[in-house]
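Below is one structure, written out as structure tokens; comments come after it.
All values below come from the heavy atoms of this structure, side chains included, with hydrogens, waters and symmetry mates left out.
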Amino acid sequence: MIALYPPPTLMTHYFLQTILIGFCLGLFYDILTGIGAACHLRRAAVYAIDAVFWVAILMTYFVFTVTAAGGQIRGFMLAGMGGGIVFFHMTLGWLIQKIMGWIVHGILRLGRMLTGIFRRIFCFVEGVCGRVQKKLKKIFKKTSIFGKKTL
């Protein structure tokens, strides 16, 4: 006799795996949301972030059902994944979003600091090159073969 359905222990194993996948997807969503909130993105960019999240969900679900579940689409796997996402978002979402906000603001502050440093270095190099260029113009102007003031 051929079993049409996998044993309950295997289905429980799949369900627990989808909950874990949901936790990971919830973390991914909160990271994206934290970056979007810290950067004060416009509505279109928020929609793009949501689209990236939904594509990630669909790809993850597809890969999981094809590889682990043997291509069998089950409703409890969707429920486990959705429950994991919601549970993670409701429990640790605020913390991940704050941490991502701090990281984004730190990166922006570091970028502003590096921009200021490079701007100062560029101005210094530009000033030195300008002075050297003026001195060279004076030297070559006096010793030019084609100039009015020749040696």
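- Contact check for L41 versus I49: side-chain heavy atoms found under the 4.5 Å cut-off.
- The two residues G101 and A38 have their closest heavy-atom pair at CA-CB, 3.8 Å.
- I107 and F118 are members of different hydrophobic clusters when ILVMFWY side chains are connected at heavy-atom separations under 4.5 Å.
- Looking at residues two or more places apart in sequence or on another chain, you find no side-chain contact (heavy atoms from CB on, under 4.5 Å) involving P8.
- Atom CG in L136 sits 13.0 Å away from atom NZ in K134 (nearest 0.5 Å).
- The aromatic rings of F64 and Y14 stand perpendicular to each other, their planes meeting at an angle above 60°, with 30° marking the opposite boundary.
- In terms of hydrophobic clustering, with Ile, Leu, Val, Met, Phe, Trp and Tyr side chains grouped at heavy-atom distances under 4.5 Å, V104 and V52 are assigned to a common cluster.
- Criterion: ILVMFWY side-chain heavy atoms under 4.5 Å apart, direct or through other members. Under it, F28 and V55 are not part of a common hydrophobic cluster.
- L108 and W102 end up in the same hydrophobic cluster when Ile, Leu, Val, Met, Phe, Trp and Tyr side chains are linked at under 4.5 Å.
- For the atom pair CD (Q17) and CG (L20), the distance works out to 8.0 Å, reported to the nearest 0.5 Å.
- Taking CD1 of I85 as the reference point, atom OG1 of T18 lies at 10.0 Å (rounded to 0.5 Å).
- For the atom pair CZ of R119 and CG of L114, the computed distance is 12.0 Å after rounding to the nearest 0.5 Å.
- Put simply, the residue from T33, D30, I31 that forms a side-chain contact (heavy atoms from CB on, under 4.5 Å) with M100 is I31.
- Under the 4.5 Å side-chain contact rule for hydrophobic residues, V86 and I57 do not share a cluster.
- The environment of F76 atom CZ is dense: over 12 non-hydrogen atoms of other residues, nucleotides or ligands sit within 6.0 angstrom.
- A distance of 9.0 Å separates CD1 in I96 from CD1 in I103, rounded to the nearest 0.5 Å.
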Requested in this report: Please assess M81 against L25 for the test side-chain contact (heavy atoms from CB on, under 4.5 Å), listing each intermediate value before the final yes or no.
Outcome: CA-CA 8 Å; M81 192 179 294; L25 288 170; 3.8 Å; yes
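- Side chain of Y29 to main chain of F53: no donor-acceptor pair is present (N/O by atom type, distance under 3.5 Å, no hydrogens or angles).
- M77 has its side chain within reach of Y61: a pair of non-hydrogen atoms, C-beta onward, lies under 4.5 Å apart.
- Here the CG atom belonging to L92 is positioned 8.0 Å from the CH2 atom belonging to W94, to the nearest 0.5 angstrom.
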Requested in this report: Might you work through the side-chain contact (heavy atoms from CB on, under 4.5 Å) test for F15 and M11, ending with a clear yes or no?
Outcome: CA-CA 6 Å; F15 181 68; M11 288 194 290; over 6 Å; no
